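This report concerns only the one structure given below.
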Amino acid sequence: MKTTRLKTGGQPASGGTPGNAIESMRNAGVNIIVLFVGIILIACSSVEDGFEKIPDTTGYGNTMLQLSAVTDPESSNQIFWRAGDKINVVDETGNSGIYEVAAGIGTNIGEFKGQSEFDGSPLVAMYPASSYIEGETVHFSIPSFQSKDSYNDCRMMVAKYSDSYDEHVPLFEFSEKTAILEMAFDFTSNAEYEDENVYSIEVYSEDINFIGDGILDISNADARLECMGNQLTYSFSPSIPMAQAIDFSATIAPCDMTQSQKVTYTVKSDTYTFVFRKKPDVIFGEKSVSKINIKLDEFVVTDAEVPAEGEVKITRELPAIDLSADGPSNCYIVDREARCSFDATIIGNGDEGIIPDGNFVDYLGRALTSSSITPASAEMLWQYPDGLISDVILTDGRVNFNSSGKEGNAVIAVYDESGIIMWSWHIWLTDKPADETYMENKYGNVWTFMDRNLGATSAVDDGSDSYGLVYQWGRKDPIPCAREFNSITEPEISGKYNEVPIVTPDVSTGTIQYAIQNPVTYLMRADWLMESNDYLWGNPDGDNMTTTWQKTIYDPCPHGYKVPGKDAWSIFTVTGENTTDAGSHNVVPPAGTKRGYYLYYKEYGTGLQTWYPTNGSRNYRTGGLTRGSWWYYWTSAPSAGTQAWCMTFKNDWKEVDPLYEFQRGNANTTRCVRE
């Protein structure tokens, strides 16, 4: 049998009381056809009254124009047809066709219309459709993340019809292959938790698989589903109060968890985590609805790291911090051990960051007119060092994670339902940076800077902690860089990525869309965009010495800050111009090293100083780390062609250039200023 690929999606209906559907259809002489079924179920709609009759079709030969289908009458929770349901029919040679429901909505008997040619029986049916069928083996997936709106999506039924078909359409009878797990949790015995809300419950079996990717031999009516996963997470949106009983259902593959070495249930609330350990006393069989009841007062509370059978470990969670309380941003600062969250339905700094003439686009390349998104999941892409953040989860449109209190940097992304990155955020774990207001420069502008580079965890000359991260001009996401002075050793990042991918842009990859979908990827080109865009950091008139420009949705700075203007570092020299005259420099190097400069930021040549390290970059020609003789700090101002304005200085202590032009594809550091 040749390979057939099918599309899946949607959601099945359930509930109601099954009638003697098969017998009534036979008595009525209803024309029914056999099928290999892939069903795509959609959202609820109103139930049709009665059973609409479709005119009989004759003389079709091998072409089927209509069919009928009956869901499993023996299922404990029967499935009923909904508007928009579709059936995919496949014969043993791989011929297939799609049929859409035309009558029987709201019942377990449906009539479908379509048009496809088949070489003959047997025809096999599976519900819902798999995206991959090879021979008589079906590959499928029962989601390991479920909710009240999704658990029913992968309830599977199969059947086989072996008779030949003629002018009479034969009856097809489904048999359900999945099981339904009903769970009930009761915390009402302890008033301490009555104000808590549960947002997720995880079921874990140490050695019994019951969820995830799997296979099924559809030629064997007695074959059982075989899955590869052993952990199910059920999310609640909105969260469920602990003051009431918590009941929910999940779809799983048939299994016998009574044989598992360890079964645990992890309940996460606003400020607590409960880990219960209890093996079920029932076998989860095909077409069954099996129940697990967990009552807090029936478990022994333990302080052991791993609870024993019949025990529960209760851990108070970290204090919660709403990182986006002051407003949205592409970068959030975390300065303590905490349970953190931010609004992941708003990208960048919100609608005010969209410039109508900026040719801004979203993650699919569509013109950006709104900052609102609806993500489906979240994941940590990278962190350095390891152990900074953990337990990243998306719930109620918010990204939640635990911070360890260690210092460093991480990036978290959210995905759409297809698994495409929609947006990403830089999590900057450091003590809160201080503000430093510089003296008025020769252009009459006064800038208030952070006391450190973007991504740095220190504001003083103490080695790599003051370096910060690097950015390609106009991009919102940081690129990991070297961690030691004069080093070109790649950092040991961890997470989904353990190294920085490097791509040479072309018409498909040298785009804003690609950069959003691939926030860790370095795009190796003089300008990473195939078509330059001067608006990305909101200051398109790059030659204008001004402090008034718009912080954009692509700006990498935290809330209340933005990438500085063209003249921001003009006080690095007395004249405000580029110079090799040491007498005109307003900086002093540390004794005995070339690792950076101290800037006199209140008066020329005296008084308060702030530290600017020589923190290197990633080279636009090679994509590699560089610790050359020049160091660069980006401004928001574009220059001509593929260049943008920056500040640079040489490690020979001879040249300081506050107004320098360099290639936008080079990944340089920056230092944010107050808006």
Side-chain angles (χ1 to χ4, degrees), residues 142-146 181-190 192-193 196-212 227-236 239-240 242 246 248 250 252-253 255-284 290-320 337-340 378-380 383 385-393 395 400-406 494-495:
I142 299 177
S144 56
F145 288 87
Q146 297 185 23
L181 171 60
E182 287 189 351
M183 285 180 278
F185 288 78
D186 188 350
F187 296 87
T188 57
S189 61
N190 193 322
E192 180 180 356
Y193 309 119
E196 291 290 306
N197 294 284
V198 173
Y199 61 84
S200 72
I201 295 179
E202 175 191 289
V203 183
Y204 167 78
S205 173
E206 185 174 81
D207 47 10
I208 301 295
N209 295 333
F210 62 98
I211 208 76
C227 286
M228 299 170 60
N230 62 351
Q231 181 172 304
L232 164 70
T233 299
Y234 194 98
S235 296
F236 298 92
S239 54
I240 304 295
M242 273 190 174
I246 301 170
F248 61 96
I252 63 173
C255 63
D256 183 3
M257 284 193 199
T258 65
Q259 301 302 308
S260 179
Q261 296 300 308
K262 180 175 68 176
V263 179
T264 59
Y265 312 87
T266 302
V267 181
K268 293 194 175 183
S269 71
D270 300 323
T271 54
Y272 290 90
T273 296
F274 302 80
V275 181
F276 299 89
R277 183 169 175 184
K278 177 185 177 182
K279 286 197 290 187
D281 54 9
V282 295
I283 297 174
F284 306 110
S290 303
K291 297 184 178 181
I292 295 176
N293 295 306
I294 303 291
K295 293 184 178 181
L296 180 61
D297 58 5
E298 294 180 354
F299 285 76
V300 177
V301 178
T302 180
D303 292 329
E305 184 173 347
V306 179
E309 186 77 8
E311 292 183 341
V312 58
K313 181 180 181 181
I314 305 175
T315 305
R316 183 172 178 82
E317 291 296 313
L318 301 170
E337 183 182 11
R339 180 66 180 171
C340 305
E379 182 180 24
M380 180 183 67
Q383 62 178 342
D386 194 18
L388 295 177
I389 65 175
S390 61
D391 297 328
V392 177
I393 189 172
T395 179
N400 300 267
F401 64 92
N402 289 338
S403 66
S404 66
K406 298 178 181 179
S494 61

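Because only heavy atoms are used, hydrogens play no part in the values below, and waters and symmetry mates are left out as well, while side chains stay in. Just so it is clear, the model here is predicted, and its values are computed rather than measured.
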Quiz prompt | From CA spacing to verdict: side-chain contact (heavy atoms from CB on, under 4.5 Å), I142, I252 | solution = CA-CA 7 Å; I142 299 177; I252 63 173; 5.7 Å; no
How far does [atom1] of [X] sit from [atom2] of [Y], to the nearest 0.5 angstrom?
X: I283; Y: Q259; atom1: CD1; atom2: CD; answer: 7.5 Å
X: T266; Y: K313; atom1: OG1; atom2: NZ; answer: 10.5 Å
X: N402; Y: T273; atom1: CG; atom2: OG1; answer: 8.0 Å
X: S390; Y: M380; atom1: OG; atom2: CE; answer: 8.5 Å
X: I208; Y: C227; atom1: CD1; atom2: SG; answer: 12.0 Å
X: E182; Y: S290; atom1: CD; atom2: OG; answer: 8.5 Å

Closer than 3.5 angstrom, by distance alone: can the side chain of [X] be matched with the main-chain N or O of [Y] as a donor-acceptor pair?
X: T258; Y: P280; answer: no
X: E311; Y: T302; answer: no
X: K279; Y: S260; answer: yes
X: N230; Y: D207; answer: no

Practice problem: Sequence neighbours left out, what passes side chain to side chain contact (heavy atoms under 4.5 Å, CB included) with K262? Give chain and number order. | Solution: Y204, E206, T264, R277, V306
Practice problem: Show the numbers, then the answer: is there a ring-ring contact (aromatic ring centres under 6.0 Å, His included) between F210 and F284? | Solution: CA-CA 9 Å; F210 62 98; F284 306 110; 8.1 Å; no
Quiz item: Are Y272 and V267 close enough that some pair of their side-chain heavy atoms sits under 4.5 Å apart?
Solution: no
Quiz item: Are any of the side-chain heavy atoms of S269 and M242 separated by less than 4.5 Å?
Solution: yes
Quiz item: Does the side chain of E196 come under 3.5 Å of the side chain of T271 through a donor N or O and an acceptor N or O?
Solution: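 Distance-only check passes for E196 and T271.
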For [X] versus [Y], what's the shortest heavy-atom pair and its separation?
X: K278; Y: E309; result: CA-OE2, 3.3 Å
X: L388; Y: Q383; result: N-OE1, 3.0 Å
X: S403; Y: C340; result: OG-SG, 3.9 Å
X: N197; Y: S239; result: CB-OG, 3.5 Å
X: L296; Y: S189; result: CB-OG, 4.2 Å
X: V275; Y: P307; result: O-CG, 3.7 Å

Practice problem: Check L232, V203, V312 against Y265 for a side chain to side chain contact (heavy atoms under 4.5 Å, CB included) and give me the one that passes. | Solution: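 With Y265 as partner, side chain to side chain contact (heavy atoms under 4.5 Å, CB included) holds for just one option, V203.
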Quiz item: Could you walk me through whether M183 and K291 pass the side-chain contact (heavy atoms from CB on, under 4.5 Å) check?
Solution: CA-CA 6 Å; M183 285 180 278; K291 297 184 178 181; over 6 Å; no
Exercise. State yes or no: are the ring centers of Y193 and F274 separated by less than 6.0 Å?
Key: yes
Quiz item: How far apart are the C-alpha atoms of E298 and N293, what are their side-chain angles, what is the distance that settles it, and do they pass the side-chain contact (heavy atoms from CB on, under 4.5 Å) test?
Solution: CA-CA 10 Å; E298 294 180 354; N293 295 306; over 6 Å; no
Quiz item: Counting only heavy atoms not in D297, do more than 12 fall under 6.0 Å of its CG?
Solution: yes
Quiz item: For F236, which of F145, F248, F185 qualifies under ring-ring contact (aromatic ring centres under 6.0 Å, His included)?
Solution: F248
Self-check item: Residues forming a salt bridge (Lys or Arg N to Asp or Glu O under 4.0 Å) with D391, sequence neighbours excluded
Solution: K268
Quiz item: Under the salt bridge (Lys or Arg N to Asp or Glu O under 4.0 Å) test, which residues partner K295, sequence neighbours left out?
Solution: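 K295 satisfies salt bridge (Lys or Arg N to Asp or Glu O under 4.0 Å) with no other residue.
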